[in-house]
> 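Okay, handing you the structure first.
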Amino acid sequence: KRSSFFNESEWIKSLKIKISISKLKNFQRAEEMFSRTNQFNTSHKLLNKTDILKLSKEKGSFIYQISMNDKFGDYGIISIVCIKHTIKSFHIYHFLQSCRVFKRNVEQVVLNFILNEKTFKNKQGYILIKRNEKNKYVQNLFDKSAYLTKKGSSLYKVSKNFKFDYIKKLGIKIIKV
């Protein structure tokens with residue numbers, strides 16, 4: 001029970017979270033997330049399987065699916081991240097996450113993974129966001145984060161030098177598939 005823990009870190013550690021990150025394979029689940037996810041959805045574009053498949057084939061484009069389980073069970077695919085990269089930078093233009101896993105540091109784990117991937121390492125990262133009333137949760141989360149700097153109303157710069165060392169202390173296991 002969350003309320004029985006002294007602090008958030010201890011609670012998260014007790015969950016024994018495992019996060020799997022892989023290239024997108026489940027286009028049906030991605031389509032579901034694009035149609036259903038509101039609170040943590042940076043683009044609010046309704047994409048169908050055909051659109052998503054087309055995006056996945058674009059030059060410089062990567063789409064990841066993120067799955068999670070913890071001591072309570074398997075949550076399945078809980079996040080979709082779409083990234084385009086150039087020689088010097090990368091842009092996360094779709095970042096969706098299920099509300100079932102809020103406040104478990106999933107977004108930090110995903111950003112840490114991206115920053116350490118060979119394709120994106122040493123590049124400047126940005127997250128694009130289309131602000132609206134439905135995604136206030138992600139807006140507030142990003143506005144308060146130590147690893148993002150707001151650059152106008154629709155863009156965040158990802159800190160290349162931010163150390164996500166605390167993720168290890170939380171006991172979150174990351175599995176690249």
Side-chain angles (χ1 to χ4, degrees), residues 1-26 29-30 32-33 36-44 62-83 90 92 94-118 120-122 124-129 131-151 156-177:
K1 187 175 171 185
R2 187 178 187 168
S3 61
S4 67
F5 285 89
F6 183 73
N7 64 41
E8 290 287 315
S9 297
E10 290 301 315
W11 175 70
I12 290 171
K13 193 173 184 177
S14 78
L15 295 175
K16 299 180 180 359
I17 295 171
K18 290 181 189 149
I19 294 177
S20 300
I21 302 174
S22 64
K23 295 239 172 102
L24 180 64
K25 296 177 194 95
N26 190 333
R29 174 64 178 141
E32 281 177 21
M33 288 195 71
R36 291 183 181 172
T37 306
N38 287 307
Q39 294 178 69
F40 197 119
N41 182 338
T42 60
S43 68
H44 273 276
F62 288 81
I63 304 178
Y64 292 102
Q65 64 183 37
I66 295 89
S67 302
M68 188 186 115
N69 66 57
D70 64 18
K71 70 179 185 180
F72 295 113
D74 188 343
Y75 297 86
I77 297 170
I78 49 89
S79 187
I80 301 291
V81 180
C82 303
I83 308 168
F90 67 87
I92 298 172
H94 300 290
F95 195 164
L96 299 91
Q97 184 176 293
S98 170
C99 61
R100 296 175 296 143
V101 297
F102 282 0
K103 300 192 180 211
R104 288 172 173 81
N105 295 83
V106 174
E107 61 284 345
Q108 289 100 325
V109 171
V110 171
L111 284 174
N112 186 46
F113 169 83
I114 291 167
L115 289 171
N116 287 297
E117 274 295 281
K118 184 179 176 184
F120 311 114
K121 201 170 185 125
N122 301 317
Q124 182 56 64
Y126 299 92
I127 301 176
L128 304 168
I129 186 166
R131 294 175 175 275
N132 61 45
E133 287 301 312
K134 292 181 181 179
N135 69 2
K136 289 278 188 193
Y137 177 85
V138 71
Q139 291 176 47
N140 291 332
L141 183 71
F142 285 1
D143 285 348
K144 294 174 186 172
S145 93
Y147 49 89
L148 297 173
T149 304
K150 196 172 174 182
K151 296 287 183 185
Y156 292 91
K157 182 177 179 181
V158 180
S159 173
K160 288 196 288 187
N161 302 319
F162 188 80
K163 301 294 181 209
F164 290 89
D165 298 335
Y166 63 90
I167 292 171
K168 290 177 187 170
K169 292 176 187 168
L170 296 175
I172 298 173
K173 302 233 185 309
I174 304 159
I175 304 157
K176 182 181 176 185
V177 182

> Which heavy atom of K25 sits nearest to which heavy atom of Q65, and what is that distance?
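Taking K25 first and Q65 second, the nearest heavy atoms are N-OE1, 3.0 Å.
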> Sequence neighbours left out, what passes salt bridge (Lys or Arg N to Asp or Glu O under 4.0 Å) with K136? Give chain and number order.
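If we apply the salt bridge (Lys or Arg N to Asp or Glu O under 4.0 Å) test to K136, skipping adjacent residues, the hits are E133.
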> Hey, is the main chain of Y75 close enough, under 3.5 Å, to the side chain of R100 for a donor-acceptor pair?
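At least one qualifying donor-acceptor pair exists.
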> For residues I172 and I12, determine if any side-chain heavy atom of one lies less than 4.5 Å from a side-chain heavy atom of the other.
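Yes - at least one pair of side-chain heavy atoms lies under 4.5 Å apart.
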> Would you indicate whether K150, at its atom NZ, is surrounded by more than 12 heavy atoms from other residues, nucleotides or ligands within a distance under 6.0 Å?
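Count over threshold, so yes.
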> Can you classify the ring geometry of Y64 versus F62 as parallel (below 30°), tilted (30 to 60°) or perpendicular (above 60°)?
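Geometry flag for F62 against Y64: parallel rings.
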> N132 side chain to N135 main-chain N or O, any donor-acceptor pair under 3.5 Å?
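Answer holds: yes.
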> According to side chain to side chain contact (heavy atoms under 4.5 Å, CB included), who are the partners of S145, at least two apart in sequence or on a separate chain?
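Here the qualifying residues are Y147, L148.
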> Can you check whether F162 reaches L115 side chain to side chain, under 4.5 Å on heavy atoms?
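F162 vs L115: side chains apart.
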> Should I19 and V106 count as side-chain neighbours, where that means a heavy-atom distance under 4.5 Å?
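With C-beta onward as the side chain, the pair touches.
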> Considering only residues two or more places apart or on different chains, which pairs with a residue in residues 108-118 satisfy side-chain hydrogen bond (donor to acceptor under 3.5 Å, both in side chains)?
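Residue pairs with at least one partner in residues 108-118: N112-N116, E117-K176.
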> Are any of the side-chain heavy atoms of D70 and R104 separated by less than 4.5 Å?
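Result yes, sub-4.5 Å side-chain heavy-atom pair found.
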> How many angstroms lie between atom NZ of K18 and atom CG of N69, to the nearest 0.5 angstrom?
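Here the rounded value is 6.0 Å.
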> When you measure from the side chain of Q97 to the backbone N and O of I80, does any donor-acceptor pair fall under 3.5 Å?
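The answer is no, because no donor-acceptor pair under 3.5 Å joins these two groups.
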> Under the side-chain contact (heavy atoms from CB on, under 4.5 Å) test against I66, which residue among V109, V81, L96, L24 passes?
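Of the listed options, the one satisfying the test is V81.
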> Under 30°, 30 to 60°, or over 60°: which ring-plane class applies to F142 and F40, parallel, tilted or perpendicular?
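Taking F40 first and then F142, their aromatic rings stand perpendicular (interplane angle over 60°).
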> Does some side-chain heavy atom of I77 sit less than 4.5 Å from a side-chain heavy atom of M33?
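SC-SC contact between M33 and I77 confirmed.
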> Could you grab the distance from atom NZ of K134 to atom CD of Q39, nearest 0.5 Å is fine?
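That separation rounds to 11.0 Å.
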> V101 vs I17, test: side-chain contact (heavy atoms from CB on, under 4.5 Å). Steps then yes/no.
CA-CA 10 Å; V101 297; I17 295 171; over 6 Å; no
> How many angstroms lie between atom CZ of R131 and atom CD of Q139, to the nearest 0.5 angstrom?
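Rounded to the nearest 0.5 Å, the CZ-CD separation comes out at 4.5 Å.
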> Using side-chain contact (heavy atoms from CB on, under 4.5 Å), reason through T149 and Y156 one step at a time and then give a plain yes or no.
CA-CA 5 Å; T149 304; Y156 292 91; over 6 Å; no
> Does the side chain of S79 reach to within under 4.5 Å of the side chain of M68, using non-hydrogen atoms?
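A side-chain contact is absent here, since even the closest heavy-atom pair is not under 4.5 Å.
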> Check whether any side-chain N or O of S43 sits under 3.5 Å from a backbone N or O of H94 as a donor-acceptor pair, and report yes or no.
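It does not hold such a pair.
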> Quick one: are the ring centres of Y126 and F90 less than 6.0 Å apart?
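For Y126 and F90, the ring centres are not under 6.0 Å apart.
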> I167 versus D165: any side-chain heavy-atom pair under 4.5 Å?
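Contact flag for I167/D165 side chains = no.
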> To the nearest 0.5 Å, what is the distance between CG (D143) and CD1 (I129)?
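The CD1 atom of I129 is 7.5 Å from CG of D143, to the nearest 0.5 Å.
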> Got a second to check how far R29's CZ is from S98's OG, nearest 0.5 Å?
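Rounded to the nearest 0.5 Å, the CZ-OG separation comes to 6.0 Å.
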> Working to the nearest 0.5 angstrom, can you tell me the gap between K71 NZ and K16 NZ?
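If I round to the nearest 0.5 Å, the distance is 7.0 Å.
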> Taking all non-hydrogen atoms of both residues into account, name the closest pair between F164 and L111 and its distance.
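In terms of heavy atoms, the two residues are closest at CZ-CB, 4.2 Å.
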